[in-house]
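Taking it in order: structure first as structure tokens, then the write-up.
Convention: sequence-line order gives letters A, B, ...; per-chain numbering from 1.
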2 protein chains.
Amino acid sequence: MPRINIKDIAQKAGVSKTAVSFAFNNPSRLSEATVQQILTIAEEMGYSPDPVARSMSTGRTGTIGLLLPQPLPEIVRNPFFPEFLEGIGEVCAHSGLSLMLVPPLKGSIRRAIINAAVDGFLTLGLEEFKATMVVLRQRGVPFVTVDSDPIEGVPAINVDDAGGACQAMRHVLSLGHRQIAILAIRSGKQGHYREYVGTLGARMHGYLQALEEYGLTIDRRAIRLLECASTEEGGMESFQTLWKLSRHPTAIIAMSDIIAIGVIKAANTAGLHVPQDLSVVGFDDITMASLIHPALTTVAQPSREKGEIATRLLVKLIEANAKPVHQMLPTRLIERNSVCPPRREEP
Amino acid sequence: MPRINIKDIAQKAGVSKTAVSFAFNNPSRLSEATVQQILTIAEEMGYSPDPVARSMSTGRTGTIGLLLPQPLPEIVRNPFFPEFLEGIGEVCAHSGLSLMLVPPLKGSIRRAIINAAVDGFLTLGLEEFKATMVVLRQRGVPFVTVDSDPIEGVPAINVDDAGGACQAMRHVLSLGHRQIAILAIRSGKQGHYREYVGTLGARMHGYLQALEEYGLTIDRRAIRLLECASTEEGGMESFQTLWKLSRHPTAIIAMSDIIAIGVIKAANTAGLHVPQDLSVVGFDDITMASLIHPALTTVAQPSREKGEIATRLLVKLIEANAKPVHQMLPTRLIERNSVCPPRREEP
DNA sequence: TTGTACGCGTTATCAA
DNA sequence: TTGATAACGCGTACAA
């Protein structure tokens, strides 16, 4: 049986569609009695306006889309995602918007963009951004990028990944470490770090800058780079790989806390003491970082604010054609207990 | 300027709207040359079909809604939410669906339901469920409830909260504890535990059943009940409240891990040793539970599976009119290091 | 391949 | 002031 629609109600109540619509959306334009009668009949017949039809008329969906570079399960496993969502959620709640999570559709971001009935997009850490941007432009709704390399004319919210990474590396270097392994989030670029882009690129840039200040660079011996999945397992495996080598690093700098935590767990398992035997630094400052033993020294980024500011900007763009601005949020090193000076070099 | 629409393309290409539509959705019905021509022109003019209009025609949005009882920020702060989302996400990814998070709109769940352009709803832990159900029925799309008291004829996925709670309480009782505090998630019912409903009610029921097996009940002296917010702060405050009393409990059973973790932190701060001075049990088995020191003994629920199974059912209901079934998923006690027998009674 | 009806609610315009 | 009429938005299905 077909859904009850506005026409059914209008007929039953002996009024026009307009009257029914007014009864719901603009009751003051109708007499009290008419409104009551219409609402009563609507209630009886179980009428509820079709949101799609309404969006068709109003040109608004009341929804913003969060465009995700990976399938939902992988994204939500990322521990800082909830905090980011929290920031988005605050603005949504305030503005009466719903949030649509938009992962690639059958593997295609393009398809996902084209299909999503939203008033605007937030994009999170998109990699092949240029192609996606073309589709977004074509799609014809405003969008704000988060954690993508900023492009002129495209609203973008970022955090100071380079600065934070630089601080982290400096910290370790200043304590005297000279045998250091960097654990990068797997890029598909096989360790060709000069090709890193986005968040990955910015963090790498920060590490390299600090190294340079000390006259160092990645040399595959004292200063090493490994790529691994941004998971606990990734960190554990990397630790094991490193510990098979003849010369062990005295410090490991990971591009994400979850990798760093994997390292600490593997190190504990191997009977090492962190930080005495091995210093470990993370990135992100997820909740877990302060809970693990030893508490993780890491770079904090304001994930919640990132979501909040990006969403606020998007809402403005949707409503008022605000200017497409760029904004960079600060990061800062949080010193906890997973870093100390290296042991004296053994003879 | 108005959006480019299908008519513009049709005119420019000198074909009908239908042809343009086919070029996108059913190219095999058109000659190769026509398709190419249309697609080229569409590309040039930056055309992208309007998803709302498409939904209007097809009667499908390709989106399911997750109906939330609280504003987004509060929900995502809940540590087991990501796992639940992960389960939903798996099915969505597989079925090519997007997920819309639907918090109350301007405080009204009703408004949120009516406004959401989705093909079906998942509801999570709704409290005033009966009223909401009426609206959902009226809305005319299938829905599956999760963590609500099951109602005949309404598809429902639950976990065995009562059984898990019972196991937790039995465990503590079997070790000899007889001074026990239950920390309930704040209900708005001021400790009138017989009125608890939903998850809260089921867990309470389990605790009471185990107590009864030992001939005990909540007596406000040996066996106490406190309500608090399901946050770390809630747990910490509850600990402090309890420790001001003349007679301290030897065990605290919390309805959520996050409360339990708050208790452990407050106890540590107060110089107590968990579990020697105080046993603590949680509920949910969030990631943090195994990381905190001492590792938390708690009741594990299959959050991911819960999301997965509920979504699978919803998809079936949307596609094929499956039967509205009820399903209950098992919970189990995870014994870690936050529980041990009580000290001998001091003279 | 095309023309046309259709889905459904909103809103500008008009009439009483 | 109260209400009706009709146009509108846009893609899709179906008959031709």
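Separating the CD1 atom of B:I38 from the P atom of C:dT1 is a distance of 8 Å, rounded to the nearest angstrom. Rounded to an integer number of Å, the gap from CG of A:N26 to C1' of D:dA4 is 16 Å. Summarising the geometry, the separation between CD on A:E32 and C1' on D:dT2 is reported as 14 Å, rounded to the nearest angstrom.
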A correct 5'-to-3' footprint of nucleotides 7-15 of chain D, with B, S and - meaning base, sugar-phosphate only and no protein heavy atom under 4.0 Å, is --BBBBBB-
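Nucleic acid contact for B:T34: sugar-phosphate only, since backbone atoms but no base atoms lie under 4.0 Å from a heavy atom of the residue. Within the nucleic acid shown, B:V15 comes within 4.0 Å of sugar-phosphate atoms alone, with no base atom in reach, counting heavy atoms only.
The closest side-chain heavy-atom distance from B:L85 to B:L66 is below 4.5 Å. The shortest side-chain heavy-atom distance between A:T123 and A:M133 does not fall under the 4.5 Å cut-off.
With sequence neighbours left out, the side chain to side chain donor-acceptor pair (under 3.5 Å) criterion links A:T18 to no other residue.
Shown are A:V146, A:L68, A:I109; of these, the side-chain contact (heavy atoms from CB on, under 4.5 Å) with A:L126 is made only by A:I109. Residue A:L313 forms a side-chain contact (heavy atoms from CB on, under 4.5 Å) with just one option from A:I157, A:L122, A:V91, and that option is A:I157.
Contact annotation: A:S31 side-chain N/O to D:dG3 OP1/OP2 distance is under 4.0 Å.
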For a quick test of your reading: what N or O donor-acceptor pairs under 3.5 Å do the side chains of residues 33-49 of chain B make, sequence neighbours left out?
unit_1 : atom_1 : unit_2 : atom_2 : d
B:T34  : OG1    : B:S31  : OG     : 2.5
B:T40  : OG1    : B:Q36  : O      : 2.6

